[in-house]
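Not measured: the values here are computed from a predicted model. Throughout, a chain's letter reflects where its sequence line sits, starting with A, and its residues are numbered from 1.
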2 protein chains.
Amino acid sequence: MSNTSKREQLIQAALTLFCEKGFHAVGTDAIAQHSGVTKKTMYHHFKSKDELILAVLRYYDERFRNDFMRAVEGKAETPRERLLAVFDVAEKWFAKDNFYGCLFVAAAGEYPEPDTPIRHTCKEFKGLMQKYIEGLATQAGAESPEQLASHLLLLLEGAITLAQIHASPQTASQAKEAAKVLIQDAIKR
Amino acid sequence: MSNTSKREQLIQAALTLFCEKGFHAVGTDAIAQHSGVTKKTMYHHFKSKDELILAVLRYYDERFRNDFMRAVEGKAETPRERLLAVFDVAEKWFAKDNFYGCLFVAAAGEYPEPDTPIRHTCKEFKGLMQKYIEGLATQAGAESPEQLASHLLLLLEGAITLAQIHASPQTASQAKEAAKVLIQDAIKR
DNA sequence: AAATGAGTAGACTAATCGGTATACTCATTG
DNA sequence: CAATGAGTATACCGATTAGTCTACTCATTT
């Protein structure tokens with residue numbers, strides 16, 4: 001069905017532009033133009049720019065987490081190794097030439113009003129990342145998987161932010177070193 | 001001199017508005033109106049919106065770091081205690097009702113192009129925060145102050161981001177727990 | 001006394017913003 | 001065959017964008 005095709009074209013074009021320039025800085029005309037779709041058609045699929053943004057965030061959420069988890073699982077076998085592999089995957093991500101930081105953090109910054117659908121989506125994403133790491137921590141035999149996962153997520157989040165600002169992917173390996181200490185402390189065996 | 005006064009009025013009004021709504025979402029008309037200053041006067045002090053943004057960032061940079069350091073030093077005596085006090089101060093910051101996350105991270109998100117004055121200011125701020133924590137780590141007798149400071153800054157940065165997204169200041173105390181472990185590991189005595 | 005510069009109010013520009021309207025094509029489907 | 005719905009192109013809407021302009025006041029300084 002060409003329906004889904006146009007939708008995806010719009011979402012992907014919007015995603016690219018938002019990453020490159022930010023949400024407010026990209027107009028609906030630009031999105032229509034870059035996706036090769038008319039504004040009329042665009043507003044047929046999404047009733048407002050905010051709805052398109054929401055769709056972009058949801059699309060990115062699913063794709064990113066999927067790619068991320070598969071990369072982690074491809075890089076290490078044991079749960080404990082995978083907790084560290086998270087930071088190797090992150091470093092590869094940071095090193096990509098089109099790395100722009102976390103899309104959800106950017107969205108939260110541009111739409112500061114709490115309790116909006118956009119903010120809710122951001123929250124959800126971070127919650128799912130926490131759950132993923134928590135699962136690994138549980139399998140790895142952490143005494144308090146939730147706490148270890150929180151700590152590692154803090155490191156990861158910090159690494160993303162500082163990698164973006166300093167344009168240096170090495171923050172990931174710094175975070176990895178800290179993670180080693182925390183994991184060692186959290187898994188007594 | 002009324003010169004500096006008008007300048008500060010503009011900077012403070014702009015700061016408030018940028019925090020509330022983001023940079024692109026706030027127009028020059030709104031800034032002029034909220035500061036009680038004419039657009040003409042505004043453009044007399046700053047030759048463009050970008051220059052005003054830059055001035056806002058520099059103003060905030062100095063004020064924030066000053067307040068932050070004084071709060072840390074008021075909360076603890078020894079360098080080692082101060083390394084932990086950083087996270088107590090952060091938690092108080094997160095709990096403020098007008099907490100909006102890190103202004104520099106927001107700026108970096110809205111102005112993704114690297115090598116611009118705005119991005120440079122963001123970089124500088126994070127660098128100075130690192131230096132500050134590094135100083136504390138040195139005084140505390142860390143084996144590698146630079147490394148410990150990096151790790152603690154990663155935790156702090158992650159806590160800021162997640163506090164903003166989840167609207168919960170507790171991320172600071174989570175970060176503090178992780179910091180305890182890292183400090184213990186980094187200062188062998 | 002004259003000149004300068006910071007300030008005012010408010011109109012103004014060209015461009016762009018999010019979003020809508022008209023008039024058309026074309027493939028699918030009942 | 002007729003109707004529907006997704007698509008095209010393009011013009012348009014009122015509002016707002018960043019930034020400029022004229023014409024004026026007023027205090028300070030030379």
Contacts satisfying salt bridge (charged side-chain N to carboxylate O under 4.0 Å, His left out) that involve residues 94-114 of chain B (not counting sequence neighbours) are none

Using residues 159-175 of chain B as the side-chain source, report each donor-acceptor pair under 3.5 Å to any protein atom, sequence neighbours left out, with the distance given to one decimal.
residue : atom : partner : partner atom : Å
B:T161  : OG1  : B:E157  : O            : 3.2
B:Q164  : NE2  : B:Y100  : O            : 3.3
B:T171  : OG1  : B:A159  : O            : 3.1
B:S173  : OG   : B:Q170  : O            : 2.9

Exercise for review: Would you tell me if any nitrogen or oxygen in the side chain of B:T41 comes within less than 4.0 Å of OP1 or OP2 on C:dG7?
Suggested key: no

Check whether any side-chain N or O of A:H45 sits under 4.0 Å from OP1 or OP2 of D:dG7, and answer yes or no.
-> yes

Identify each donor-acceptor pair in which a side-chain atom of residues 31-42 of chain B lies under 3.5 Å from a protein atom, sequence neighbours left out, and give them as a table.
residue : atom : partner : partner atom : Å
B:H34   : ND1  : B:A30   : O            : 3.0
B:S35   : OG   : B:I31   : O            : 2.9
B:S35   : OG   : B:A32   : O            : 3.0

In whole angstroms, the gap separating P of C:dA15 from CG of B:D29 amounts to 18 Å

For B:R65, the salt bridge (charged side-chain N to carboxylate O under 4.0 Å, His left out) test, sequence neighbours excluded, returns B:D61

Per atom distances to the B:Y43 side chain, the nearest of D:dT20, D:dG7, C:dG7 is D:dT20

Original post:
Under 6.0 Å between the ring centres of A:F18 and A:H24?
Top reply: no

Residue pairs meeting salt bridge (charged side-chain N to carboxylate O under 4.0 Å, His left out), one or both in residues 164-181 of chain B, sequence neighbours left out, come to B:D88-B:K176, B:E177-B:K180

Residues of residues 31-40 of chain B with a heavy atom under 4.0 Å from any atom of DNA chain D, listed by number, are B:K39, B:K40

For residues 128-147 of chain A, the salt bridge (charged side-chain N to carboxylate O under 4.0 Å, His left out) pairs (sequence neighbours left out) are A:K131-A:E134

Contacts satisfying ring pair (Phe, Tyr, Trp, His ring centres under 6.0 Å) that involve residues 116-154 of chain A (not counting sequence neighbours) are A:F64-A:F125, A:F104-A:F125

Show each protein N/O and nucleotides 24-29 of chain D N/O combination with a separation under 3.5 Å, one pair to a line.
none

